[in-house]
Amino acid sequence: MTVRVRFAPSPTGYLHIGGARTAMYNYLYAKAMGGKYILRIEDTDLERSERKFEELQIEDLKWLGLNHDEGPDVGGDYGPYRQSERGHIYKAWSDKLLTNGHAYHCFCSEEELKAKNEIALAEKRDPQYDGKCLSITRAEADKKIAAGEVAVIRFKAPRKSYAFNDHVRGHVEFPEGMVGDFVIMRANGVPVYNFAVVVDDASMKITHVIRAEEHLPNTLRQLMIYEAFSVTPPEFAHGSLLIGEDRQKLSKRHGATSVNLYKEMNYLPQALLNYLCLLGWSHPDEKDIFDIHTLGTMFNLERFTKAPAIYDIKKLDFINGEHLRHLPLETIMIEVGKVIPVEHAFHKMDHDWKIACVNVFKDKLHFFQDITQHLGVLFSLDISNDPEYLEARSWETTPRIREYLGAEIDKAKACGKKFVTEEDLNVWSNHVKGELKIKGKQLFMGMRSVLTHQAHGPELKFIIPLTPIEILAKRIHL
RNA sequence: GCACCCAUCGUCUAGCCCGGCCUAGGACACUGCCUUUUCACGGCGGCGACUGGGGUUCGAAUCCCCAUGGGUGUACCA
């Protein structure tokens, strides 16, 4: 039997970081098992669902590289993949339950039920449906409906306990009487979540349901419905929940919780995925940095964590830097070019210069945009106020270095050179060492302070050949 | 209230199922030092945890019970 898994978001907002994680786990499991990964849109909440959000979420999923095998935009053999287009299916399935006695019409008004709930709560009882409409026969109900009365369809919850085996939680038991008769079809004919999910998962031949722990209690209702249809339920894996620093379920108020924001902030999708993957799952070899697409059969349902994970982006930043460093130089150059201000001198340089430049700075970046601040060491005429720099400037040896280098640079400039080379730099430092008799810290810090006006930075042999000679000439005389 | 789930460094986690190799390992963060051609890189260190109490056992982070704490759910939301 081929594994079939699904990610079923509600198009009521942007793709949430927790949703992205669930989608990824499903995607990875399908890939590991050679199965299919399906995208289903759960838009039964007519008020809050919007087509725009569906499109945006699919766009974000694509950005992450989590491409589905079946879905509303790509089709498949088990469609439609939008719950709003499956009305006839829910109708047929709920009719089946009505016929075999597992469900019944309920004519109680919302006010009536609300009042009863309040009383139950006040008496510290569970506010379960009292079964008032249970005695209404199918024929009577049909007559009332024909006469214009509105009704919901309620599922007759069996009075027995349920148990199932969860891939993450192990043996889970729900004692008898946890839920009363619940609504499966609303008065407007739209199915309620727990019913639609079962109908869809069953008819789409879903074999494994991988989702977050918040759905664990829902499993009871779903198990009941599967039983009423005599359908074997899929296997379940309830991973941990993503929570905020306040240990509450992650939501908008915890800051950047939607995927599109990370795209805007220039995070690498593979880094976001890598981080998310580690929040609730661990790599068999305890690796921290990896491309989730290379996981293959290493991904399994046995390494999920049970306890909720606090979402903290500090580690994500680190991981982003690691992924960025492993990108081809050419790619980094292109990406970096996009975030450096258009008027920056960087853009006037030739290809080889840019590559060399990116190569020097790439190890220091967490994000592409970090490059801008590093570029200063190549173009800036600022003078550091770092005590170490000030000290280097105050040595009596430093003016002698400046005098010599100034002459050399002016000479090179007069010859029409645009840049000095690493060899030039070697010659200079040998001269300072041999002729000026300056060595050690005085030599290197002295040269650095004169050429960059900074106390720290990348090695001179890397940055000086990249610094335009006019900049060098100006700096010398500052 | 009731039901279910969970509990290892500040954070993510390994170890737990199949007790001894755990004076509990790794990563982020924080921090010290080294590299004296110098880094937000790298290397070497430091800080830092088995929620508490009982029990089983020669031996428990690992098994059992209780307590405590936290979370989720309890809708004609998903």
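Keep in mind it's a predicted model, so treat the numbers as computed, not measured. Sequence lines set the chain letters: A, B, ... in the order given, protein chains first and strands last, and positions in each chain run from 1.
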Assess whether a salt bridge exists between Glu227(A) and Lys160(A), defined as any Lys/Arg side-chain N lying under 4.0 Å from an Asp/Glu carboxylate O.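 Yes.
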Donor/acceptor link under 3.5 angstrom from [X] side chain onto base of [N]:
| X | N | result |
| --- | --- | --- |
| Asn218(A) | rA78(B) | yes |
| Glu286(A) | rG25(B) | yes |
| Lys314(A) | rC28(B) | no |

Students often get this wrong, so: under 4.0 angstrom with heavy atoms, is [X] touching a base, only sugar-phosphate, or nothing?
| X | answer |
| --- | --- |
| Glu214(A) | sugar-phosphate |
| Glu245(A) | nothing |
| Thr12(A) | nothing |
| Pro175(A) | sugar-phosphate |
| Leu460(A) | base |

Please report, rounded to the nearest Å, how far the P atom of rG71(B) is from the CG atom of Leu250(A).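 Leu250(A) atom CG is separated from rG71(B) atom P by 14 Å.
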What is the distance from CZ of Arg221(A) to C1' of rC76(B), rounded to the nearest Å?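 Rounding to the nearest Å, CZ of Arg221(A) and C1' of rC76(B) are 12 Å apart.
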Give a yes/no on whether any side-chain N or O of [X] is located under 4.0 angstrom from OP1 or OP2 of [N].
| X | N | result |
| --- | --- | --- |
| Gln248(A) | rG71(B) | yes |
| Lys461(A) | rU37(B) | no |
| Ser282(A) | rA14(B) | yes |
| Arg303(A) | rG15(B) | yes |

With Arg40(A), which of Arg6(A), His68(A), Arg82(A) fulfils side-chain contact (heavy atoms from CB on, under 4.5 Å)?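 Single pass found, and it is Arg6(A).
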For the ring pair Tyr27(A) and Phe7(A), is the centre-to-centre distance below 6.0 Å?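 No, they do not, as the ring centres are separated by 6.0 Å or more.
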Distance-only donor-acceptor check, side chains Asp317(A) and Tyr267(A), under 3.5 Å: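 Result is yes, a qualifying pair exists.
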